[in-house]
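None of the values given here were measured: they were computed from a predicted structure. Lettering of chains follows the sequences in order, A, B, ..., and the numbering in each one begins at 1.
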There are 4 protein chains.
Amino acid sequence: MTRTQAHIETRNRSVCPGMERDTAAEAYRRIRHDSELLCEPLQAEDYLLQSMPQTSPPKWHLAHVSWFFETFLLQVYVPDYRPFQPQFRVLFNSYYEQVGPFHPRPQRGMLSRPTLEEIYRYRAWVDEQMAALIQTVAEEYWPEVALRIAIGLNHEQQHQELLLTDIKHNFWVNPLFPAYRSDLPPSTEVSAPLQWHAFEGGLGCIGQRGEAFAYDNEWPRHTVYVQPYQLASRLVNNGEFAAFIAEGGYKRPELWLSDGWATVQQQQWQAPLYWLKQDNDWWHFTLAGLQRFNEHEPVAHISYYEADAYARWAGHRLPTEQEWELAAAGVEVSGNLRDSGRLHPAPAGGEGLQQLFGDLWEWTASPYTPYPGYRAPAGALGEYNGKFMCNQMVLRGGSCATPAEHIRASYRNFFYPNERWQFKGFRLAEDV
Amino acid sequence: MTRTQAHIETRNRSVCPGMERDTAAEAYRRIRHDSELLCEPLQAEDYLLQSMPQTSPPKWHLAHVSWFFETFLLQVYVPDYRPFQPQFRVLFNSYYEQVGPFHPRPQRGMLSRPTLEEIYRYRAWVDEQMAALIQTVAEEYWPEVALRIAIGLNHEQQHQELLLTDIKHNFWVNPLFPAYRSDLPPSTEVSAPLQWHAFEGGLGCIGQRGEAFAYDNEWPRHTVYVQPYQLASRLVNNGEFAAFIAEGGYKRPELWLSDGWATVQQQQWQAPLYWLKQDNDWWHFTLAGLQRFNEHEPVAHISYYEADAYARWAGHRLPTEQEWELAAAGVEVSGNLRDSGRLHPAPAGGEGLQQLFGDLWEWTASPYTPYPGYRAPAGALGEYNGKFMCNQMVLRGGSCATPAEHIRASYRNFFYPNERWQFKGFRLAEDV
Amino acid sequence: MTRTQAHIETRNRSVCPGMERDTAAEAYRRIRHDSELLCEPLQAEDYLLQSMPQTSPPKWHLAHVSWFFETFLLQVYVPDYRPFQPQFRVLFNSYYEQVGPFHPRPQRGMLSRPTLEEIYRYRAWVDEQMAALIQTVAEEYWPEVALRIAIGLNHEQQHQELLLTDIKHNFWVNPLFPAYRSDLPPSTEVSAPLQWHAFEGGLGCIGQRGEAFAYDNEWPRHTVYVQPYQLASRLVNNGEFAAFIAEGGYKRPELWLSDGWATVQQQQWQAPLYWLKQDNDWWHFTLAGLQRFNEHEPVAHISYYEADAYARWAGHRLPTEQEWELAAAGVEVSGNLRDSGRLHPAPAGGEGLQQLFGDLWEWTASPYTPYPGYRAPAGALGEYNGKFMCNQMVLRGGSCATPAEHIRASYRNFFYPNERWQFKGFRLAEDV
Amino acid sequence: MTRTQAHIETRNRSVCPGMERDTAAEAYRRIRHDSELLCEPLQAEDYLLQSMPQTSPPKWHLAHVSWFFETFLLQVYVPDYRPFQPQFRVLFNSYYEQVGPFHPRPQRGMLSRPTLEEIYRYRAWVDEQMAALIQTVAEEYWPEVALRIAIGLNHEQQHQELLLTDIKHNFWVNPLFPAYRSDLPPSTEVSAPLQWHAFEGGLGCIGQRGEAFAYDNEWPRHTVYVQPYQLASRLVNNGEFAAFIAEGGYKRPELWLSDGWATVQQQQWQAPLYWLKQDNDWWHFTLAGLQRFNEHEPVAHISYYEADAYARWAGHRLPTEQEWELAAAGVEVSGNLRDSGRLHPAPAGGEGLQQLFGDLWEWTASPYTPYPGYRAPAGALGEYNGKFMCNQMVLRGGSCATPAEHIRASYRNFFYPNERWQFKGFRLAEDV
């Protein structure tokens with residue numbers, strides 16, 4: 001770990017809607033700084049690259065998160081606020097229809113200007129204005145300002161994770177296979193044997209709990225009824241997944257969902273993303289470059305379809321998000337999160353339910369839908385989560401690229417079932 | 001209604017796994033004959049037409065349903081069975097990977113041969129062999145043969161509905177707007193005012209009940225927990241939906257799911273499928289040709305996205321499939337089903353919860369997923385339902401093109417959220 | 001050959017702009033009847049099939065050629081003419097922008113109505129009206145009416161050739177490989193050895209000559225200058241082309257034009273269209289169904305790219321259209337044309353330059369461009385040829401599907417260099 | 001003009017196959033340096049941008065031209081040459097199949113590494129090796145080395161032009177409309193009235209003449225026969241083209257080639273590339289940013305289809321390449337070429353045939369085909385020109401982005417008829 005990277009560490013969970021001004025100011029400085037630290041290993045041209053429509057150039061991430069504060073705080077709470085550059089309202093709007101038009105997503109990599117230098121000036125400008133706002137906004141507005149700052153900082157942390165996953169993909173499409181960091185040690189541990197942990201089922205509650213920050217999609221907390229079930233003690237690992245491949249996993253349609261099999265055929269998938277076979281050995285691409293792989297690491301960068309097919313092959317299934325949350329609710333948030341500095345999943349060790357937090361986001365069998373009684377917040381911020389509640393699947397638990405303070409048991413991430421470039425894996429479940 | 005059409009009527013729910021041989025033979029003859037009756041209004045070239053990849057030519061439907069009996073019954077239970085034409089195994093396989101390769105779906109309309117006449121010979125051959133099988137199969141096999149016949153006949157009834165919806169679409173792409181039937185009277189009724197019916201919620205049970213036939217996706221019956229809710233007394237109608245359009249419904253992104261809005265933009269949707277504006281009046285295309293529309297008829301041929309956007313605009317939501325089934329479980333199966341001979345949805349009349357069965361399939365807010373404990377049956381028949389449990393939404397209740405004996409409260413239909421060519425509508429729900 | 005097919009025979013070249021009314025009436029009846037004779041072997045559903053956007057359903061051909069007479073003759077010269085069906089103006093317009101909008105070409109196979117029966121009524125109506133027009137149009141209009149009839153009949157003959165090539169492709173996409181005619185005998189002849197015929201070059205004239213009918217693209221006759229050259233005595237045959245394949249012809253990019261190689265890669269071409277390898281033997285699909293092939297027959301259904309690559313491999317080149325026409329100008333029009341009844345190319349026999357007319361259209365090295373001084377005729381008829389003078393290559397000499405009276409030395413056919421479904425082959429040339 | 005830009009000036013036409021070693025060394029240093037001067041106004045991220053598949057990132061151009069010298073000279077003539085970086089053989093190969101595989105063209109903008117700095121090291125390495133080769137290669141090899149250096153330097157000059165046109169397009173897709181250079185003055189001149197210059201036609205000769213460098217596609221010089229014709233004295237200008245638009249030019253299919261009209265519809269073209277209408281005035285995008293336009297400047301950035309449609313609308317036609325070259329053969333090579341430093345076309349002044357050289361490449365009516373007797377050179381260098389002789393049209397005369405020493409009367413440029421991003425315009429011609 002370099003000196004600068006070391007600064008990105010676990011801190012107290014200070015960012016919450018009820019925080020004080022000083023806490024907010026400190027958290028703002030710290031989290032905004034983290035984004036820039038993450039970019040330190042990059043070279044100039046890396047900032048422009050967009051390897052596929054779903055990813056964004058690092059430069060765009062750096063600007064968009066600033067746009068978020070400008071749009072949802074400065075424009076709203078600073079009297080007579082004049083934007084840094086009026087055209088940024090369009091260029092760095094991601095998808096907020098109620099804010100106005102936005103630059104087409106697949107063309108984010110077409111913007112060689114503004115230059116990186118200008119974007120850092122933009123960040124500095126926003127930071128200065130935000131510092132002033134935090135100190136000076138009228139008391140009556142502080143509660144809503146504090147909430148929006150909490151959203152903005154969590155939003156920036158999400159983009160920090162995306163920065164890492166997008167850079168990984170950007171480098172993957174380059175035949176030179178460049179490394180983002182050359183100082184990340186490969187894992188050498190051995191994973192614990194898989195065990196099963198049983199849960200009784202019945203009535204339970206899931207969703208946002210207490211005063212800490214949570215997204216609107218974790219709301220409202222509500223009662224659910226589940227059958228008895230058990231969960232695997234750890235994530236499925238590379239060696240296990242390689243066995244699935246060796247037994248024809250990608251060639252047996254009966255193991256796949258119909259849409260999954262169509263995707264396998266169309267994309268000619270034969271292994272997880274980032275796997276390469278060289279001289280009969282499996283290698284994989286990591287943020288440290290192309291490496292031989294450790295069979296004991298959890299299998300990463302797979303789609304929902306692959307997770308589901310593996311589970312069917314293995315005679316098990318994926319857990320629902322209800323099952324996962326009920327199991328995780330009492331577990332301390334710790335694990336191989338970004339704060340560990342590994343930036344890569346590691347073999348499971350220890351006893352009990354392992355790897356619930358960190359290592360890899362876990363695909364659940366649950367489509368991303370609103371909780372009973374959910375209403376999206378009014379206005380453009382209501383587009384943050386609500387409008388995506390269709391065609392995507394819920395993932396739980398955070399990854400090695402997620403800041404520790406960002407994750408919690410009720411956190412719902414969501415991606416389309418064919419997407420693979422995030423740090424995603426899975427855990428098996430079964431009926432009892 | 002022509003004399004021959006009149007023969008397709010409601011009968012007793014005779015098709016069930018436990019039926020006797022005579023019952024099976026009679027049901028087989030009757031339901032197979034229904035398919036041919038439905039084709040009577042067609043002209044020779046109509047049989048080949050496939051207007052889009054999702055639809056199939058009438059000729060293909062007639063052959064595929066016969067292939068189903070040949071593949072899953074004759075090939076299995078008739079010793080030394082020799083197929084009518086070996087290549088039909090590929091040509092008329094829809095999607096059963098475990099049976100073997102299949103002719104690509106988008107190219108079903110490319111098969112001018114076998115001719116319709118040959119397909120009718122194929123049907124006659126299969127019918128003759130099936131009649132013999134029913135009479136002669138050993139007693140020990142009868143229970144599983146009876147179950148497969150039940151599946152095959154329900155399968156044929158599904159394709160009868162598809163025949164009607166596919167023909168409707170096939171005629172719609174023709175600028176001459178031909179009518180499938182010229183003897184269908186337009187509706188003139190007025191719909192009842194919308195009322196709300198409240199349900200207490202709590203624990204309840206859904207899924208297959210009793211001995212009657214049900215698909216594997218209705219299994220297992222299981223406990224669910226729902227919040228208190230209420231349902232609208234009838235489906236949303238054309239007049240109400242026209243108001244949504246008039247108030248800019250198709251132009252306001254804040255009303256739409258993200259994927260829905262992308263679809264609206266890409267497909268340039270401005271109204272439900274089959275709606276046409278002429279001289280400031282809305283017309284729509286029906287199986288009786290192009291007609292002025294009755295505002296009191298339920299709005300038909302809409303996608304999930306449109307139903308969802310309307311509900312958001314109206315300040316309500318769609319019901320979940322659990323809510324729908326709990327409400328419908330005690331209601332008698334009757335309504336404007338195919339047996340009514342209208343082949344078009346009609347305005348709601350009467351008291352209480354109306355239109356639960358018939359008129360239009362109702363979009364629910366529930367993604368199509370397996371019930372807790374579900375396992376797909378072994379072998380190719382397990383592909384019937386299970387492999388589609390991703391990316392689709394559940395619809396309930398049957399339509400004006402569904403045979404009355406085919407539908408029940410636990411029946412789960414499913415389509416992608418952007419599909420519109422089926423007879424689909426929706427009912428509003430809300431939290432209490 | 002069936003009795004009815006035998007009626008399509010060589011006749012005197014009677015169709016010309018200066019013909020008398022009786023000659024026109026007789027030619028009209030005869031050529032119109034030929035179209036219907038060609039359809040006799042078809043079954044009902046065959047008439048609707050459109051296997052790819054470039055082909056048209058037989059039914060559409062039958063209607064479009066009638067539309068041509070209705071649009072360019074009846075509508076113009078019959079006072080108060082009322083069209084048979086006003087919507088046919090759009091449905092059966094192929095590409096005449098100045099006539100008005102047209103049904104999209106790729107969707108011609110989507111028109112199950114009007115039925116074939118109605119289209120035959122349309123043909124009968126047009127024929128009746130045309131017969132009356134020929135007898136009664138005022139003498140002052142006769143010259144232009146005669147010219148347009150000549151164009152219309154030549155147009156119909158072009159569509160007769162397309163009928164055959166489109167049916168061939170329609171049947172090819174069917175895994176059953178149906179035969180259009182089962183009474184066509186395979187060729188058994190042996191082709192003559194290839195010899196070279198030298199020409200001196202220098203100044204010469206090409207283009208329309210004399211009073212006979214010619215298309216506007218053959219006009220004006222003009223002087224050209226060519227270097228000395230020689231032409232092969234016959235077309236390249238299947239055996240020779242199979243040797244090209246055997247020596248890696250489809251795998252060696254250095255043999256191909258850049259666009260050709262891109263097409264080979266994208267379409268995964270490994271042989272000419274209609275070739276199939278079964279048990280290490282080449283078979284090909286013909287109008288008589290799938291057959292073992294005769295090495296001595298000229299290689300058919302190849303693109304310009306394949307002809308060009310073969311020529312480069314063989315150390316030769318393709319002739320220019322100037323070279324071809326200067327060589328063919330003095331040669332009698334005879335050969336394996338449609339009138340021979342074979343409907344398939346045959347091995348070359350005899351002495352001298354063989355196969356100039358018939359067997360296969362010959363790709364030339366000449367892009368299709370206007371002759372010096374060319375002006376397209378005014379009005380919609382000017383769209384017949386002129387607007388296609390870009391991106392296509394000239395082919396010469398007619399094929400086994402071309403009526404003998406339709407072809408001449410100055411005739412310029414044209415197709416895109418990647419198109420293969422016509423009866424196309426090639427002859428080698430070289431510099432002296 | 002900045003000081004550094006001023007260094008790119010007209011020099012003697014020193015680059016030729018017969019040049020001495022010292023001349024070659026000097027020309028090499030000078031022309032290689034020009035490429036780097038052209039990049040001076042760029043910012044770091046600009047070097048990576050590829051706005052569409054046809055363009056290449058500046059960084060890629062800088063590397064590819066070096067790859068050319070490495071591949072066709074160093075690898076061949078330096079004993080035991082070890083490449084700078086073996087993977088560059090694939091990364092910077094443009095399309096030479098005989099050299100081996102190449103990185104896919106549309107993904108050139110996906111290579112953030114090697115960095116620009118590394119590419120400059122690559123250039124320096126190649127330059128050093130080339131300087132040594134020029135001094136030390138054995139005398140017997142000098143003639144072919146000199147020829148290949150001449151090709152390599154002309155190749156680099158072609159890429160210098162592409163650098164400018166690609167940067168222009170890269171900036172155009174950015175809503176900020178950045179300027180490549182802010183010191184380019186807009187033109188204010190008035191163009192001379194259009195006059196016609198007649199030529200007698202008859203026999204003439206075109207193609208490579210004398211000892212100067214020429215590409216293989218200008219060979220062999222040969223006799224042609226042309227009809228009498230006349231050429232317009234200057235290029236069609238913006239004002240004239242705006243009149244075509246005002247009279248519905250883009251809405252009248254009868255003016256267009258069929259493929260042209262399809263392109264207009266599909267691409268929704270309503271004006272030349274880089275034209276924008278703001279408040280009823282035409283603006284256009286230039287290398288100096290978005291500017292109001294001067295009606296007297298020649299219309300630029302149009303496709304062949306637009307040139308052809310305008311000519312038809314104006315009652316004229318485009319010249320063939322034979323007509324153009326016969327007229328230009330005796331004219332001194334001078335005009336608004338890159339050496340003028342304007343980097344934008346300027347209004348025509350003076351007497352006689354104007355603008356033959358410089359301002360804009362002129363579309364001709366001639367498809368790009370081999371001259372009679374042409375044979376592509378053996379080996380990979382033979383792919384330079386020969387394999388593109390299909391589907392493209394010839395342009396003549398160079399542009400404001402072409403170095404003066406690079407152009408000549410016999411020079412044949414070629415592009416697909418729908419391509420517009422080069423500096424392309426046209427001159428009218430007509431028959432006499």
Pair count under 4.5 Å, heavy atoms only, with chain D: among Gly260(C), Pro370(C), Gly373(C), highest is Gly373(C)

Can you name the closest pair of heavy atoms from Leu257(C) and Gly386(D) and give their distance?
CD2-O, 4.0 Å

Under 3.5 Å, which donor-acceptor pairs link chain C and chain D? Put them in a table for me, please.
residue	atom	partner	partner atom	Å
Glu97(C)	OE2	Trp261(D)	NE1	3.3
Ser258(C)	N	Lys387(D)	O	2.7
Asp259(C)	OD1	Tyr416(D)	OH	2.5
Asp259(C)	OD2	Asn391(D)	ND2	2.8
Asp259(C)	OD2	Tyr416(D)	OH	3.0
Trp261(C)	NE1	Glu97(D)	OE2	3.3
Tyr305(C)	OH	Asn391(D)	ND2	2.8
Gly315(C)	O	Arg375(D)	NH2	3.4
Arg375(C)	NH2	Gly315(D)	O	3.4
Lys387(C)	O	Ser258(D)	N	2.7
Asn391(C)	ND2	Asp259(D)	OD2	2.8
Asn391(C)	ND2	Tyr305(D)	OH	2.8
Tyr416(C)	OH	Asp259(D)	OD1	2.5
Tyr416(C)	OH	Asp259(D)	OD2	3.0

Using the side-chain contact (heavy atoms from CB on, under 4.5 Å) criterion, which residues pair with Pro228(D)? Sequence neighbours excluded.
Val432(D)

